[in-house]
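Data block below; observations after.
The analysis underlying the following values was restricted to heavy atoms, covering all of them including side chains, and did not include hydrogens, waters or symmetry mates.
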Amino acid sequence: MSVKIEEEHARLIRRLDSLMGAFAERAGAYDKSATFPTEDFDDLFAAGLHAPTVPRAYGGLGLGPIQGDAYILWKMTRSIAAADLSLARCWEGHANSMVLLDAMAADSQKERWFRGVVEKGDKWVAWSGEPKAVKGEGVPRFGTTVRRDGDDWIVDGTKIFATSAGGADWAILLVDTAGPGGARHSDSPETVFMLACDLSDPSVSVDDSWWDPIGMRATASHLVRFTHTRIPDANRIGEPGAYLSEGWQTAFVPHYAASFLGAAEAAYDYALTYVAKHDKSGDPFVQQRVGSMAVAVETADLWLRHVADLWDRGPRAEAQLAGSRARHVVEHLALRTVDDCIRACGARCLIRPSPVERILRDLTFYVRHDNDDHILANIGRAALGKSYDLSFYKP
């Protein structure tokens, strides 16, 4: 890496760090109200940090796993997650959506949509969530249907776990002409495709009564309903089946791990300050907990550096597998770090307004985004030379 690029990266991190105090200060209120962190995104846009994965040719920062500069993106995400893990998840969704547009959108689509991000601060997200729950007699509780009508697509139904609902301006909808399921739960992956939906369309509505979780509340991952929503074919991104067959979900797996690490770093920093303030540094058991946290944070960082290097150099299959291994390892390191922090600091660190109470709730909830048992089983299948799924880790 050239000295010039390193200097640019350092300036980006300094600009981001200047926002962290405000992000951390607002986190509690956003968590309590379970509302999208609008002011934080306004600050990111004002600081010129809103288009991290938009290519430089379109006015963005040109970061991310397909731009040959993955680590600095993940480092920025770690910093944001240390202030507010829910904010980091919304930022991930926005940044990852730009990766998909960069990889699969037509040039005319990129010109149109990237301009909105760079010049107006448009916020994007990708929504798949259509789990196969039923509400009686085999009737799906959630899910969408999509059909062609001339030059348009008509979407009806619901998606849940719709991160940034009410805050995002555009959503990449992963839909399936074969029926409900999105990308994660589809029985027909070759028919899954993506549509860019303008969320200001009055046929799109948000039901905020569904989202009342223990953690990650400020992601505002509400239920979103589509009522005969008409989307032009000009907003179709890529070809049917490409999202899964080309493994684009795997580009985002280590990004989740970066957020986990950011939460762990926040707990570690809190513990160091607390231990020093309360003169507990002489306790050998506290020393062990601090040592465990130090090793865990450094180990997780080394894993992310390793995966970023693979993505940047180009051995994609190796990068994809390493990303899932990192996702598995970092989850456990992050959870252990938060537990070590609580054991070192005691019950007082779990009393509001301590950030550790929120970090514990958020991290415990967020790591359930994928089933770690399934992740590890797929890693094992790869090692055994069997078929495996590094996108959604299906058994």
query: In terms of side-chain heavy atoms, does S324 have a donor or acceptor partner in Y393 at a distance below 3.5 Å?
result: yes

- prompt: Run the salt bridge (Lys or Arg N to Asp or Glu O under 4.0 Å) check on D156 and R225 step by step: do they pass?
  reply: CA-CA 8 Å; D156 282 286; R225 182 170 287 105; over 6 Å; no

- prompt: Are W211 and F365 close enough that their ring centers fall under 6.0 Å?
  reply: yes

query: So, D169 side chain and K123 main chain: donor-acceptor pair closer than 3.5 Å or not?
result: yes

query: Would you find a donor on one side and an acceptor on the other, under 3.5 Å apart, between the side chain of H278 and the backbone of C345?
result: no

- line: Under a side-chain separation threshold of 4.5 Å, the hydrophobic residues clustered together with I231 are V125, W127, V146, W153, V155, L173, V175, F193, L195, L199, V204, V206, V224, F226

statement: On a heavy-atom basis, the closest approach of N378 and K394 is ND2-O, 3.7 Å

- request: Step by step, work out the side-chain contact (heavy atoms from CB on, under 4.5 Å) result for F260 and R327.
  value: CA-CA 9 Å; F260 302 165; R327 160 69 178 78; 3.6 Å; yes

field: Joint hydrophobic cluster, F252 plus I375, side-chain heavy atoms closer than 4.5 Å
entry: no

- prompt: When R230 is tested against each of D201, D152, D151, D198 for salt bridge (Lys or Arg N to Asp or Glu O under 4.0 Å), which residue passes?
  reply: D152

- prompt: Quick check: does any side chain N or O of D69 sit under 3.5 Å from a backbone N or O of G64, one acting as donor and the other as acceptor?
  reply: no

query: Is any side-chain heavy atom of E239 less than 4.5 Å from a side-chain heavy atom of E190?
result: no

query: What are the two closest heavy atoms between D312 and A70, and how far apart are they?
result: OD1-N, 3.1 Å

query: Of V117, D102, L61, which meets side-chain contact (heavy atoms from CB on, under 4.5 Å) against V54?
result: V117

- request: Tell me whether I214 is reachable from V338 by hopping between hydrophobic residues (I, L, V, M, F, W, Y) whose side-chain heavy atoms are closer than 4.5 Å.
  value: yes

message: Does either side chain, that of T77 or that of E92, offer a donor lying less than 3.5 Å from an acceptor on the other one?
response: no

- prompt: Step by step, would you call N235 with C197 a side-chain contact (heavy atoms from CB on, under 4.5 Å)?
  reply: CA-CA 8 Å; N235 284 17; C197 179; over 6 Å; no

message: Please determine whether residues F45 and W170 belong to a single hydrophobic cluster, defined as Ile, Leu, Val, Met, Phe, Trp and Tyr linked transitively by side-chain heavy-atom distances below 4.5 Å.
response: no

message: With side-chain contact (heavy atoms from CB on, under 4.5 Å) as the criterion, how do L310 and R316 come out once you've worked through the C-alpha distance, each side chain's angles and the decisive distance to 0.1 Å?
response: CA-CA 7 Å; L310 291 173; R316 184 159 178 167; over 6 Å; no

query: Heavy atoms, side chains only, cut-off 4.5 Å: are I13 and M76 in contact?
result: yes

ring-ring contact (aromatic ring centres under 6.0 Å, His included) partner of F41, the single match among W91, W124, F36: F36

statement: Of all heavy-atom pairs linking A300 and V330, the shortest is CB-CG2, 3.9 Å

- prompt: Under a 4.5 Å side-chain heavy-atom rule over Ile, Leu, Val, Met, Phe, Trp and Tyr, are Y388 and V329 clustered together?
  reply: no

query: Would you say the side-chain atoms of R112 pair up with the backbone N or O of F114, donor to acceptor, closer than 3.5 Å?
result: no

field: Lys/Arg-Asp/Glu bridge criterion (N-O < 4.0 Å) met for D309, R305
entry: no

- prompt: Are L100 and W248 close enough that some pair of their side-chain heavy atoms sits under 4.5 Å apart?
  reply: yes

query: Does a side-chain heavy-atom distance below 4.5 Å link Y274 with V356?
result: no

query: Would you say the side chain of L261 lies within less than 4.5 Å of the side chain of E265, judging by non-hydrogen atoms?
result: yes

field: ILVMFWY network linking V367 to L390, side-chain heavy atoms under 4.5 angstrom
entry: no

message: Counting C-beta onward and ignoring hydrogens, is there a side-chain heavy-atom pair between H185 and F392 closer than 4.5 Å?
response: no

task: Verify whether one side chain among D340 and S292 offers a donor that lies under 3.5 Å from an acceptor in the other.
output: yes

Given I80, D40, L49, the one that forms side-chain contact (heavy atoms from CB on, under 4.5 Å) with L19: L49

message: With salt bridge (Lys or Arg N to Asp or Glu O under 4.0 Å) as the criterion, how do R78 and D301 come out once you've worked through the C-alpha distance, each side chain's angles and the decisive distance to 0.1 Å?
response: CA-CA 10 Å; R78 283 166 54 185; D301 178 66; 2.6 Å; yes

message: Quick check for you: to the nearest 0.5 Å, what is the distance between T250 atom OG1 and L321 atom CG?
response: 10.5 Å

- prompt: Under 3.5 Å, is there a donor-acceptor pair between the side chain of Q320 and the main chain of A251?
  reply: no

message: In the structure I gave you, are the side-chain heavy atoms of R217 and R361 within less than 4.5 Å of one another anywhere?
response: yes

query: Quick one: does S128's side chain have a donor or acceptor within less than 3.5 Å of a partner on A183's backbone?
result: yes

- prompt: Taking all atoms of both residues into account, what is the closest heavy-atom pair of L44 and F23, and its distance?
  reply: CG-CZ, 3.9 Å

- request: Count the heavy atoms belonging to other residues, nucleotides or ligands that lie under 6.0 Å from CD of E25, then report whether that count exceeds 12.
  value: no

task: Consider only side-chain N and O atoms of T219 and S86, and report whether a donor and an acceptor are under 3.5 Å apart.
output: no

Identified side-chain contact (heavy atoms from CB on, under 4.5 Å) counterpart of D84 within the set R26, R358, M20: R358

- request: Quick one: closest heavy-atom pair of C341 and A271, and the distance?
  value: SG-CB, 4.0 Å

message: Pair D283, R289 - check salt bridge (Lys or Arg N to Asp or Glu O under 4.0 Å), show working.
response: CA-CA 10 Å; D283 185 326; R289 296 294 176 179; over 6 Å; no

- line: When every non-hydrogen atom of V253 is compared with those of G323, the smallest separation belongs to CG1-O, 3.6 Å

query: Should R236 and D233 be marked as a salt bridge (Lys or Arg N to Asp or Glu O under 4.0 Å) after you check the CA-CA gap, both sets of side-chain angles, and the distance that decides it?
result: CA-CA 5 Å; R236 178 171 52 84; D233 188 59; 2.9 Å; yes

query: Stepwise, does the side-chain contact (heavy atoms from CB on, under 4.5 Å) test hold for L87 with Y30?
result: CA-CA 9 Å; L87 170 61; Y30 282 129; over 6 Å; no

task: Evaluate side-chain hydrogen bond (donor to acceptor under 3.5 Å, both in side chains) for T163 paired with S221, printing each intermediate quantity in order.
output: CA-CA 4 Å; T163 296; S221 299; 3.2 Å; yes

query: Is it true that the side chains of T191 and D176 contain a donor and an acceptor less than 3.5 Å apart?
result: yes

field: Plane angle bin for W303 and H306 - parallel if under 30°, tilted between 30 and 60°, otherwise perpendicular
entry: perpendicular

message: For the CG atom of L63 and the NE2 atom of H9, what is their distance to the nearest 0.5 Å?
response: 5.5 Å

query: Would a distance-only check, ignoring hydrogens and angles, find a side-chain to backbone donor-acceptor pair under 3.5 Å from H255 to R89?
result: no

- prompt: Is it true that a side-chain atom of K159 and a backbone atom of L174 form a donor plus acceptor pair closer than 3.5 Å?
  reply: yes

task: Could you check F142, W210, Y366 and say which one makes a ring-ring contact (aromatic ring centres under 6.0 Å, His included) with F161?
output: W210

query: Are H328 and D372 close enough that some pair of their side-chain heavy atoms sits under 4.5 Å apart?
result: yes

